[in-house]
There are 2 protein chains.
Amino acid sequence: MRTRANKQSGATIKDVADLAGVSAMTVSRVLNSGHRVRPATQERVEAAIRELNYRPNLSARSLAKARSLFIGLLYNNPNPGYVSELLIGLMNRCRQVGYHLVIENFGSTDEEWAADIDGLLSSSNFDGLIVAPPVSDFDSVISAIERADLPCVRIAPEQEPDLFASVRTDDRDAARRMTRHLLDLGHRRLGFIAGDAGHGASRQRMSGFCAALEDAGIELEDALIVEGRFTYRSGLAAAEKLLSMPEPPTAIFASNDDMAAAVVGVAARKGIDVPGQLSVAGFDDTHTATTLWPQLTTVRQPIADMAGAAVDLLTAAINAEPDQDVAQTQRLLPCEVIIRDSSCPVAPDRG
Amino acid sequence: MRTRANKQSGATIKDVADLAGVSAMTVSRVLNSGHRVRPATQERVEAAIRELNYRPNLSARSLAKARSLFIGLLYNNPNPGYVSELLIGLMNRCRQVGYHLVIENFGSTDEEWAADIDGLLSSSNFDGLIVAPPVSDFDSVISAIERADLPCVRIAPEQEPDLFASVRTDDRDAARRMTRHLLDLGHRRLGFIAGDAGHGASRQRMSGFCAALEDAGIELEDALIVEGRFTYRSGLAAAEKLLSMPEPPTAIFASNDDMAAAVVGVAARKGIDVPGQLSVAGFDDTHTATTLWPQLTTVRQPIADMAGAAVDLLTAAINAEPDQDVAQTQRLLPCEVIIRDSSCPVAPDRG
DNA sequence: TGCTTGTTTGCACGCGTTCTCATTGCCGGC
DNA sequence: GCCGGCAATGAGAACGCGTGCAAACAAGCA
């Protein structure tokens with residue numbers, strides 16, 4: 001019985017085998033990295049595959065392999081732009097390597113996840129897991145995965161060396177380069193708006209900022225560093241604080257775009273021209289960065305690359321022998337500093 | 001051989017059957033809407049399922065059913081916030097009904113899709129397709145799906161009655177209600193920034209705007225309606241045009257949030273206070289709407305509901321007999337008008 | 001040539017589920 | 001008391017692919 005679902009390319013491995021004059025086994029071998037197959041045979045098989053437009057049935061394959069071919073993505077939604085790009089990057093790479101991505105999202109706190117994570121891991125049959133921030137730092141989740149003995153890759157986790165593999169961007173280096181950009185424009189009083197203290201990336205970005213100042217021989221001034229929480233609202237308060245100082249900074253580097261947008265908003269209220277009187281820099285290159293006037297100088301993370309790397313690491317771990325230690329690879333990817341209209345050389349009268 | 005993938009919940013249908021003292025067939029019947037099973041038996045089987053924490057193996061199921069259990073999502077990325085929410089809504093509903101979502105994205109024009117769509121449909125084995133805007137209006141894509149004879153649900157397509165089922169929001173009604181909100185605030189000179197003329201929703205929103213004016217007995221003034229293209233940049237030009245009129249509007253309704261953000265930006269440049277001197281309204285309730293000062297009065301689409309409805313319609317079509325006509329259901333969902341800080345009663349000195 | 005070694009190929013079976021068809025009870029009507 | 005019919009259940013065959021093991025084959029060596 002050919003149903004609608006498979007009538008489109010109804011060829012099975014048997015059909016291919018018949019056409020090529022070999023057994024199904026040989027076709028299977030050709031498909032799965034054709035080792036132990038004579039080149040001539042391989043070519044005949046591949047010709048047959050092309051001719052019949054044969055596509056292996058994924059269900060049958062995963063059934064036979066006792067692998068679900070499913071990868072779970074554990075995340076929650078801190079930022080739609082980030083999530084969207086991450087999802088697409090993951091999906092694309094997954095498809096290339098024959099896996100499927102299943103999304104799981106319980107809540108925004110460690111506790112909310114703790115309640116359901118064990119049930120999830122035992123009931124869904126994932127071959128492995130990718131964990132995106134901030135879930136990648138939830139203890140309950142990580143230890144549950146450890147208990148379940150599932151391969152796992154963490155994206156941008158806080159702690160460095162770990163039981164699991166991880167992919168992260170070099171936020172510290174990027175913040176350092178962005179700060180250097182502002183210094184190169186002649187700015188000397190730089191304000192910094194930190195992100196959520198519990199977020200690993202926050203510390204890295206702040207550390208990069210401080211390092212660049214140190215490189216330039218400028219001493220840190222505590223009042224110029226204010227704490228935010230990555231939200232627009234927290235950015236408003238921080239910007240208000242910085243811009244009402246007796247001697248305000250000539251440039252402000254916010255730890256993400258939302259807070260940078262808040263700086264631009266507050267500046268507009270106060271009649272401070274951006275970038276004429278105040279340069280502003282953000283981080284993340286979200287949609288917001290270009291939906292603002294002036295468009296934001298910011299840092300772009302290689303999200304698609306990270307996604308690809310995460311999938312690669314995970315599939316490697318899935319296919320590795322249990323006693324191998326490839327499962328703990330750490331990968332660090334560089335960011336790109338994007339210069340737009342919100343930063344310019346310091347005004348001469350305020351040098 | 002129990003591999004890592006299935007050791008977690010190794011119970012098979014056979015184990016359940018043995019424990020319940022029935023055959024696998026009966027268990028299967030209980031699982032798939034237990035018809036023709038005595039209540040007592042059903043209960044015994046369900047108890048066994050619970051006790052063993054049995055989860056049917058999806059691979060085996062889809063193999064036996066000759067269904068891939070995959071739904072393809074055809075889209076491209078006009079707006080990360082929209083996409084992100086749509087994806088999550090689709091995923092969640094898919095998981096509930098036992099399907100999996102596979103994302104496909106080729107490019108932003110009809111032509112780019114035309115090149116690959118046939119190959120995609122014949123090589124991937126989807127049980128059905130969900131097509132998001134703007135792909136849902138690409139002729140090449142729609143006709144390719146028709147040729148492939150695959151069930152399909154379109155999200156927010158332009159043409160009304162159609163071969164395929166569709167889910168759309170009532171943009172016209174929402175725009176009408178938003179316009180009424182502005183009128184209720186006392187505004188009489190309303191500016192409107194239209195969206196991309198090729199985009200179906202654009203016309204609906206404009207039509208709703210006009211209808212509300214008509215309801216209120218206000219005659220349309222052509223100069224107060226300017227064309228945009230849904231981008232921030234096009235919004236800047238449109239706002240510039242409206243706000244440099246000899247007698248500028250006291251309220252501007254933009255066809256999406258990005259263009260509304262542009263209006264706020266231009267107003268700030270010109271020293272026009274929002275909302276004091278100018279009320280602004282957007283559409284979509286994207287992330288931008290709350291990452292702006294003042295936060296935007298806007299229209300929220302029930303994206304998650306649409307996603308759920310799309311999946312429901314599609315699975316209904318997949319499971320329907322070929323000659324049934326459920327495949328053409330149209331569903332219309334209402335939007336919500338969200339009033340924030342960018343709109344307020346008209347200033348008495350300009351009323 | 002005969003033996004060994006290594007390479008290439010095929011057969012039969014299993015993966016977990018659903019489906020078709022057959023079987024068992026059971027009831028009521030004759 | 002017999003039989004047709006229906007509800008509830010089971011036995012066994014697919015579904016398409018991967019794997020263990022054995023067979024066929026080629027090559028190297030004495």
Side-chain angles (χ1 to χ4, degrees), chain A residues 1-45 48-49 52-70 98 125 127 319, chain B residues 1-45 48-49 52-70 98 125 127 319:
Chain A
M1 175 193 68
R2 293 253 180 259
T3 71
R4 166 188 269 160
N6 56 3
K7 92 174 169 205
Q8 33 174 355
S9 74
T12 81
I13 199 171
K14 189 68 176 50
D15 299 332
V16 175
D18 289 348
L19 181 58
V22 297
S23 81
M25 182 61 251
T26 304
V27 178
S28 172
R29 265 191 283 257
V30 169
L31 258 50
N32 304 293
S33 72
H35 209 44
R36 296 281 165 92
V37 176
R38 193 176 313 175
T41 317
Q42 170 146 1
E43 199 156 324
R44 231 171 40 240
V45 170
I49 289 176
L52 294 175
N53 188 26
Y54 166 73
R55 302 282 302 186
N57 180 315
L58 296 176
S59 306
R61 171 176 290 184
S62 74
L63 177 59
K65 275 198 162 178
R67 289 252 173 83
S68 70
L69 294 180
F70 283 110
N125 53 342
D127 289 342
N319 296 319
Chain B
M1 176 192 69
R2 290 254 181 260
T3 71
R4 166 188 271 161
N6 56 3
K7 90 176 170 203
Q8 34 177 353
S9 74
T12 80
I13 199 173
K14 189 68 176 51
D15 300 333
V16 175
D18 289 349
L19 181 59
V22 297
S23 80
M25 187 61 247
T26 303
V27 178
S28 176
R29 264 192 281 257
V30 169
L31 257 49
N32 303 295
S33 71
H35 209 45
R36 298 279 163 94
V37 176
R38 192 176 316 177
T41 317
Q42 171 148 0
E43 199 156 327
R44 235 173 37 242
V45 170
I49 289 177
L52 295 175
N53 188 27
Y54 165 72
R55 303 281 301 186
N57 181 315
L58 295 178
S59 305
R61 172 175 288 182
S62 75
L63 177 60
K65 278 198 164 177
R67 290 256 174 79
S68 70
L69 295 180
F70 283 109
N125 52 343
D127 288 342
N319 296 319

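Lettering follows sequence order; numbering is per chain, from 1.
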Expressed in angstrom and rounded to an integer, what is the separation of A:K14 atom NZ from C:dA12 atom C1'? 14 Å
Is the phosphate of C:dT8, meaning OP1 or OP2, less than 4.0 Å from a side-chain N or O of A:T41? no
Atom-pair distance (CZ on A:R55; C1' on D:dC17), nearest Å: 15 Å
Take atom CG of B:L63 and atom C1' of D:dA14, then tell me their distance rounded to the nearest Å. 9 Å
Minimum-distance nucleotide to B:S23 side chain [options: D:dG16, D:dA11, C:dC11]: D:dA11
CE of B:M25 versus P of D:dA14: gap in Å, rounded? 16 Å
Let me know, please, whether B:S59 or B:R29 comes out on the 5' side of the other along DNA chain C by nearest nucleotide. B:S59
May I ask you to test the B:I13-B:R61 pair for a side-chain heavy-atom distance under 4.5 Å? no
Looking for any heavy atom pair under 4.0 Å, which part of the strands does A:V27 touch: base, sugar-phosphate only, or nothing? nothing
Can you tell me if B:T12 touches the phosphate of C:dG16, counting only side-chain N or O atoms and a distance under 4.0 Å to OP1 or OP2? no
Where A:A17 and A:S23 come nearest, the two heavy atoms and their spacing: CB-C, 3.5 Å
On DNA chain D, does the nearest nucleotide to B:R38 precede the nearest nucleotide to A:A60 from the 5' side, or the other way round? Give the residue. B:R38
Protein-nucleotide distance (B:K65, atom NZ; C:dC19, atom P), rounded to Å: 6 Å
Going through the distances and angles, do A:L31 and A:I49 end up as a side chain to side chain contact (heavy atoms under 4.5 Å, CB included)? CA-CA 10 Å; A:L31 258 50; A:I49 289 176; 3.3 Å; yes
Gap between atoms CZ and P, on A:R67 and D:dC17 respectively (whole Å): 18 Å
In terms of heavy-atom contacts, A:Q42 and A:V30 come closest through CA-CG2, 4.2 Å
B:S28 side chain near C:dT18 phosphate (N/O to OP1/OP2, under 4.0 Å): yes
Whole-Å gap separating C1' (C:dT17) and CD1 (B:I49): 13 Å
Hey, what do you get for CG (B:L52) to OG1 (B:T12), rounding to the nearest 0.5 Å? 9.0 Å
From CZ of B:R61 over to C1' of C:dC15, roughly how many Å is that when rounded to an integer? 16 Å
Would you mind telling me which of C:dT17, D:dG16, C:dT9 lies closest to the side-chain atoms of A:N57? D:dG16
